[in-house]
Amino acid sequence: MASHRKPKQYPLAGNTARTAATLALAGVATATVLDGTGNATPPPTKDQVKARVGQYYREAEVATERYNGVREKADRARSVLDGLQDEAARRTERLNAARNALGSFATAQYREGGLPPAVRLLLSSSPERYLERASLADRAGSLQAVALTRVRSELRGVEQVRTTAAARLAELKDEQAALARHKRTVEAKLDGARRLLDRLTAEERAEFHSGGAEAAGATAGGSGRAATASTAPLGGRAGRSAPRGGAQAPTERAARAVAFAYSALGKPYVWGATGPSGFDCSGLTQAAWRSAGVSLPRTTYTQINAGQRITRSQLAPGDLVFFYSGVSHVGLYVGGGKMIHAPHPGAPVRVAPVDQMPFAGAARPA
């Protein structure tokens with residue numbers, strides 16, 4: 001029957017056949033490219049890898065300084081919150097004491113009973129003693145009123161402190177969320193740098209960490225001169241036998257800060273760290289000046305405004321030197337055109353030329 005017949009097959013003809021063949025060839029070509037056997041994008045060169053890693057490190061440092069700033073704010077908020085919680089506890093104790101005092105007055109009043117004063121006077125066997133007690137009761141009533149006023153005052157104080165503490169707690173939670181975001185950004189940038197560095201040989205990585213990142217940063221930044229001296233970690237235990245700059249520190253405090261920086265040579269870069277076993281760039285300068293009795297703020301953005309701003313020609317040992325247009329890196333000037341700084345992960349604290357990176361400004365802590 002017709003309903004059981006197979007549909008008639010028509011051979012591909014003319015243009016249809018050519019179109020099918022073209023599509024088939026295109027599919028093969030696409031598969032070849034996807035398999036990696038076609039004309040894929042060539043891998044980056046060694047110099048391109050180094051430039052990109054340097055860029056990742058700079059972006060990570062920007063995120064690190066933001067992280068440091070937010071952490072400083074979070075620490076302040078936590079400290080204020082702890083103080084408020086202690087104050088709330090003290091006020092609550094005073095409130096409870098005032099309530100107890102008020103309760104004692106109420107209990108005494110209850111025990112006196114509810115008879116009118118005139119009746120109690122008539123029934124009293126000793127009217128003189130009754131009148132004496134009545135006078136004391138009047139004074140007790142005044143004290144009761146004072147106790148009530150105190151309770152109300154302490155209650156308002158407790159509520160005010162608790163409201164302020166709740167606001168600080170909300171602020172702290174916001175800062176902690178921002179900390180987590182900045183931490184993820186830093187870790188993502190550093191992870192990208194690590195993946196790129198894995199493409200280099202061990203010798204190329206060692207060369208990069210001995211100064212290539214800063215040099216690549218100066219080139220990519222479009223300003224700053226190339227390095228003019230070796231920046232590898234200096235010899236001796238933690239680099240402490242390194243030659244000092246010829247210039248003298250202008251103050252005893254500056255000399256102590258420089259001495260601390262030299263003592264930190266060879267210690268690892270650890271982002272977010274202020275010592276003693278590791279440092280990031282602003283953590284090192286903060287720790288150096290802290291050893292001299294001077295409190296610096298935590299980040300490069302705030303350290304540049306600490307103390308007196310100076311020009312490059314005025315640099316003296318102990319001054320803070322800042323780099324890149326975003327002021328995202330800082331080192332401690334030690335004289336002779338050199339500084340001590342914490343460069344980046346994989347590169348320990350070391351001596352480096354100031355002109356190795358794009359110079360952004362300098363400050364002399366008070």
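A quick note: this is a predicted structure, and the numbers were derived from the prediction, not measured. Numbers here are sequence positions counted from 1.
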Heavy atoms of P365 and G318 approach each other most closely as CD-O, 4.1 Å

Partners passing side chain to side chain donor-acceptor pair (under 3.5 Å) against T299 (at least two apart in sequence or in another chain): T302

Hey, are the side chains of Y262 and V334 touching, using non-hydrogen atoms and a 4.5 Å cut-off? yes

Expected list for residues 187-200: side-chain donor-acceptor pairs under 3.5 angstrom, two or more places apart:
| unit_1 | atom_1 | unit_2 | atom_2 | d |
| --- | --- | --- | --- | --- |
| K189 | NZ | E59 | OE1 | 3.0 |
| D191 | OD2 | R195 | NH1 | 2.3 |

Linking Ile, Leu, Val, Met, Phe, Trp and Tyr through side-chain heavy atoms less than 4.5 Å apart, which residues share a cluster with V161? V80, L84

The criterion is side chain to side chain donor-acceptor pair (under 3.5 Å); which residues satisfy it with D86, sequence neighbours excluded? none

Determine the minimum heavy-atom distance between V349 and A264, stating which atoms define it. CB-O, 3.4 Å

Would Y67 and W271 count as a ring pair (Phe, Tyr, Trp, His ring centres under 6.0 Å) here? Give the steps. CA-CA 10 Å; Y67 172 90; W271 73 269; 4.9 Å; yes

Looking at every heavy atom in both L81 and A165, which two are closest together, and how far apart are they? CD1-O, 3.4 Å

Does L332 offer a backbone N or O that forms a donor-acceptor pair with the side chain of T285 under 3.5 Å? no

Any donor-acceptor pair under 3.5 Å linking the side chain of E65 with the backbone of S328? no

side-chain contact (heavy atoms from CB on, under 4.5 Å), that's the test. Do R205 and T201 meet it? Break it down for me. CA-CA 6 Å; R205 284 195 296 272; T201 66; 6.0 Å; no

Within a strict 4.5 Å, meaning less than it, do heavy atoms of the I340 and L284 side chains meet? yes

For G337, is there any backbone N or O sitting under 3.5 Å from a side-chain donor or acceptor partner on Y333? yes

Taking all atoms of both residues into account, what is the closest heavy-atom pair of G266 and P348, and its distance? O-CB, 3.5 Å

Taking every non-hydrogen atom, the tightest pair across Q248 and P317: O-CD, 3.6 Å

Which residues share a side-chain contact (heavy atoms from CB on, under 4.5 Å) with E93, sequence neighbours left out: none

D82 and E87, any side-chain heavy atoms less than 4.5 Å apart: no

To the nearest 0.5 Å, how far apart are NZ in K73 and CZ in R78? 14.0 Å

pair Q286-S295: side-chain heavy atoms closer than 4.5 Å: no

Got a sec, which pairs hit salt bridge (charged side-chain N to carboxylate O under 4.0 Å, His left out) with one end in residues 275-297, sequence neighbours left out? D280-R298

Where the side chain of S263 meets the backbone of F260, is there a donor-acceptor pair that is under 3.5 Å apart? yes

F279/V270 under side-chain contact (heavy atoms from CB on, under 4.5 Å): CA gap, chis, key distance, verdict: CA-CA 5 Å; F279 303 90; V270 179; over 6 Å; no

Under the side-chain contact (heavy atoms from CB on, under 4.5 Å) rule, collect the residues that match up with A362, sequence neighbours excluded. I310, L315, V321, F359

OG1 of T45 to CD of Q48: how many Å apart, nearest 0.5 Å? 3.5 Å

H329 and side chain to side chain donor-acceptor pair (under 3.5 Å): which partner among R58, H344, H341? H341

Side-chain donor-acceptor distances from residues 166-182 under 3.5 Å, at least two apart:
| unit_1 | atom_1 | unit_2 | atom_2 | d |
| --- | --- | --- | --- | --- |
| R168 | NH1 | E171 | OE1 | 3.1 |

Please check if the side chain of E207 supplies one atom and the backbone of E204 the other of a donor-acceptor pair under 3.5 Å. no

Can you name the side-chain contact (heavy atoms from CB on, under 4.5 Å) partners of N305, sequence neighbours left out? R309

What residues, two or more places apart in sequence or in another chain, satisfy side chain to side chain donor-acceptor pair (under 3.5 Å) together with K183? none

Keeping the roles fixed (side chain from S79, backbone from D75), state whether a donor-acceptor pair exists under 3.5 Å. no

Non-neighbouring partners of T163 that pass side-chain contact (heavy atoms from CB on, under 4.5 Å), sequence neighbours left out: none

Between R350 and P343, is there a side-chain heavy-atom distance shorter than 4.5 Å? yes

CD of Q303 to CG of L320, rounded to nearest 0.5 Å, is 6.0 Å

Check whether any side-chain heavy atom of Y269 sits under 4.5 Å from a side-chain heavy atom of E61, and report yes or no. yes

Minimal heavy-atom distance between A306 and L296, with the atoms involved, is CB-CD2, 3.9 Å

So, D47 and K50, do they make that salt bridge, N to O below 4.0 Å? no

Please evaluate residues R66 and V186 with respect to the criterion side-chain contact (heavy atoms from CB on, under 4.5 Å), reporting the C-alpha separation (whole Å), side-chain torsions for both, the decisive distance (0.1 Å), and the verdict. CA-CA 10 Å; R66 289 175 179 166; V186 172; over 6 Å; no

Listed partners of T311 passing side chain to side chain donor-acceptor pair (under 3.5 Å), at least two apart: S313, Q314

